[in-house]
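Notes follow the structure.
Basis for what follows: all heavy atoms, side chains included, without hydrogens, waters or symmetry-related copies. Residue numbering restarts at 1 for every chain, and letters A, B, ... go by the order of the sequence lines.
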Amino acid sequence: MNIPDLKLKGAEIHRRDVLKGGAALATITLAPGVTLMAMGNGVAAAANPGVRWGLLIDAGKCPSDCSACVTACSDEHGWENNGLPTDPQWIRKVTLRDKETGYENTLPVMCQHCENPPCVDVCPTGASFKREDGIVLVDRHTCIGCRYCMMACPFKARSFLAESITDQKPYSPRGKGTVEGCNMCVHKLDRGDGTTACVEACKATGYNAMIFGDMNDPESDISKALASYPSIELRADLGLNLGVRYQNI
Amino acid sequence: MKRLFIATLVLFGLAVGMTYAASVYPEIPKATGEPHPEGNEYWRINHMDLLRHDRDLTVRDGIRDTDASLAGCVTCHAVNGSDGQPVTFKSEDYFCRVCHDYVAVRIDCFQCHNSIPPKMDKASLMYKGKTETFEVLLAYIEGLSK
Ligand code: SF4
């Protein structure tokens, strides 16, 4: 048997990176703080630091009896909420009621993908992290299930998976003992779909209450809408700079 | 005479030992798809490091075009059960379990990851191997014309 080299050396990892092209990113430091970056040929890294993915939700267009976005998310990622307090819930419809007038308004709430995410601050293992393109995720490989992030989140956006599950979606792995939440359909974005399951579902209903896009690109639908109509962040007082914005609430 | 007797005993012992050894050594299921260019020995020893490296690229940086992916592993290394369908990690015949049970090393991958090959629909185009270059090209051209 011919076994040339059984040890996985640093150089080996490097070779694999270079071969892939996608991860071949040469950085040359010109002066402190000034770097020259050259991307390798081939596919660029999917999480593009120039992009900030965001959602704009128009509560005025969101009828109280519609939950297409919630169903779509549940179908896409395979989570199920049967009403138990411990059941996972990546996105939910919230009802707001004006106590004075009795006017009711509903809107979907999911992970708000903060620029300064408290869940990332508190995570003891670094499992809760923000991708270069602004998406806040849990790396379940390092999550120990302590649930600090659930406590820290002002929007109750994360759930803990307490039961063993099988038959996960191949592109959305999830399992017992880890925390999960809206991942802005990273698998779709990395594939180049440029949209999320909830936004697609909202479009399909004809209500068109949700817009998805790159908030850093002034030409994107979301940037144009944000620039032309008033919108708010939930709990703007916290100064988290959210990736999800609302109108008409 | 005594010596011959001992020699016979030793030979018999060896024969029994060898049969025994052959039966306890795990019988590794054959895979479909192209063989690993690095060779099986290399993968037997380094699979966890190769996977760990690529998993961080995918989860942290969103690079899905990696050399190794668990979905790729379970596709080529699927073992069919008596019903002709790939068995899940629950089965003792599951590819990974054959060795892992033998050496008593527990793996956690399949607490979160699905252990059977992903269905080959449009959603999982990214899991397809290099053999389907033509389809990948087609998808690319389709993307360009959008
Ligand atoms: S539950 Fe997981 S992701 Fe959340 S803080 Fe603890 S280790 Fe981090």
- request: Under 4.5 Å, counting heavy-atom pairs only, tell me which of B/Asp56, B/Asn114, B/Val74 racks up the most with chain A.
  value: B/Asn114
query: So how far is it from B/Ile116 CD1 to A/Thr166 OG1, rounded to the nearest 0.5 Å?
result: 9.5 Å
statement: Most heavy-atom pairs under 4.5 Å with chain B, out of A/Lys176, A/His141, A/Lys169, A/Lys130, belong to A/His141
message: Are more than 12 heavy atoms, taken from residues, nucleotides or ligands other than A/Tyr148, located less than 6.0 Å from that residue's OH atom?
response: no
field: By side chain to side chain donor-acceptor pair (under 3.5 Å) - contacts of A/Asp190 (at least two apart)
entry: A/Arg131, B/Arg64
- request: Could you name each residue pair satisfying side chain to side chain donor-acceptor pair (under 3.5 Å) that touches residues 115-124 of chain A, not counting sequence neighbours?
  value: A/Glu115-A/Asn241
message: Heavy-atom cut-off 4.5 Å, strictly under: side chain, backbone, both or neither for A/Arg174 against chain B?
response: backbone
query: Is any residue of residues 102-112 of chain B within less than 4.5 Å of chain A by heavy atoms, and which ones?
result: B/Gln111, B/Cys112
query: Considering residues, nucleotides and ligands other than B/Asn80, do more than 12 of their heavy atoms fall under 6.0 Å from its CG?
result: yes
statement: Output for pair (A/Asn48 CG, B/Asp61 CG), nearest 0.5 Å, gives 12.0 Å
Test ring pair (Phe, Tyr, Trp, His ring centres under 6.0 Å) applied to B/His77 - qualifying residues, sequence neighbours left out: B/Phe95
- prompt: Given side chains that start at C-beta, do those of A/Asp167 and B/Thr88 come closer than 4.5 Å, heavy atoms only?
  reply: no
message: With a sphere of 6.0 Å drawn around NZ of A/Lys156, does it hold more than 12 non-hydrogen atoms of other residues, nucleotides or ligands?
response: no
task: Looking only at non-hydrogen atoms, find the nearest pair between B/Arg60 and A/Gly126 and report the distance.
output: NH2-O, 3.0 Å
- request: Determine whether B/Val59 and A/Phe129 make a side-chain contact, defined as any pair of heavy atoms from C-beta on separated by less than 4.5 Å.
  value: yes
message: Please check if the number of heavy atoms outside A/Met151 that lie under 6.0 Å from its CE is greater than 12.
response: no
